Amino acid sequence: MESKYRVNGSIWIEGKHGAFIGHGRVLLLEGIQKFGSITKAARAMKMSYRQAWELVNSMNKESRSPLVETASGGTGGGGTSLTPEGRRAIATYRKLNDEFSRFREDLTRDLKL
């Protein structure tokens with residue numbers, strides 16, 4: 001008999017000052033990687049530029065090295081890109097989240113309610 005309940009939850013990584021990276025922050029980083037712009041990534045997420053910048057700034061401060069680098073405008077134009085540390089943070093979070101999803105599925109399957 002299958003339970004009508006399921007185990008649910010979210011996973012995020014915390015640092016000394018609170019949340020470091022979680023689902024929403026990973027989506028923001030992936031948007032920055034895709035668009036090369038904090039503004040465009042924020043717009044795609046229906047988030048204000050200010051909120052996106054604050055999230056990027058907090059991740060950069062919490063990390064051993066920056067996850068996101070910005071370049072000022074000029075002849076070639078400005079832009080934003082992920083550092084190797086930023087790409088590694090995404091991969092690490094995705095791996096942890098996949099394992100956590102399997103854990104939740106296992107717990108749900110074993111529910112006896």
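All values reported here derive from a predicted model rather than from experimental measurement. The figures that follow rest on heavy atoms only: side chains count, while hydrogens, waters and symmetry mates do not.
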Discussion item. Contact between L107 and L111 at the side-chain level, heavy atoms closer than 4.5 Å - yes or no?
Written reply: no
Discussion item. So, taking the atom named CH2 in W12 and the one named CG in N97, what distance separates them when rounded to the nearest 0.5 Å?
Written reply: 11.5 Å
Discussion item. With salt bridge (charged side-chain N to carboxylate O under 4.0 Å, His left out) as the rule and sequence neighbours excluded, what pairs involving residues 46-58 come up?
Written reply: R50-E54
Item to complete: List in chain and number order the residues that pass side chain to side chain contact (heavy atoms under 4.5 Å, CB included) with E62, two or more places apart in sequence or in another chain; answer none if no residue qualifies.
Response: K16, H17, F20
Discussion item. Give me each pair satisfying side-chain hydrogen bond (donor to acceptor under 3.5 Å, both in side chains) with a member in residues 18-32, each pair once, sequence neighbours excluded.
Written reply: R25-S58, E30-R94
Worksheet item: Hey, are the side chains of R104 and F100 touching, using non-hydrogen atoms and a 4.5 Å cut-off?
Response: yes
Fill in: More than 12 heavy atoms from other groups under 6.0 Å of OH on Y49
yes
Discussion item. According to a hydrophobic-cluster definition based on side-chain heavy atoms being under 4.5 Å apart (Ile, Leu, Val, Met, Phe, Trp, Tyr only), do M45 and I32 belong together?
Written reply: yes
Worksheet item: Is any side-chain heavy atom of Q33 less than 4.5 Å from a side-chain heavy atom of R87?
Response: yes
Fill in: Sidechain-backbone polar pair: T80 side chain, T70 backbone, donor-acceptor under 3.5 Å
no
Worksheet item: Of all residues at least two apart in sequence or in a different chain, which pass the side chain to side chain donor-acceptor pair (under 3.5 Å) check with R43?
Response: none
Worksheet item: Atom CG in L28, atom CH2 in W53: separation rounded to 0.5 Å?
Response: 11.0 Å
Fill in: Gap separating the CD1 atom of I13 from the OH atom of Y93, nearest 0.5 angstrom
8.0 Å
Discussion item. For a quick test of reading the model, state the closest non-hydrogen atom pair linking A42 to A52 and the distance between them.
Written reply: CB-CB, 3.6 Å
Worksheet item: What residues, two or more places apart in sequence or in another chain, satisfy side chain to side chain donor-acceptor pair (under 3.5 Å) together with E105?
Response: none
Worksheet item: Looking at side-chain heavy atoms only, is the closest gap between I21 and L29 below 4.5 Å?
Response: yes
Fill in: side chain to side chain contact (heavy atoms under 4.5 Å, CB included) against E85, all qualifying residues, sequence neighbours excluded
S63, R64, S65, L67, T83, R88
Worksheet item: Within the side chain of N60, is there an N or O that forms a donor-acceptor pair under 3.5 Å with the backbone of V68?
Response: yes
Discussion item. Tell me whether V56 shares a hydrophobic cluster with F35, the cluster being built from Ile, Leu, Val, Met, Phe, Trp, Tyr side chains joined at under 4.5 Å.
Written reply: no
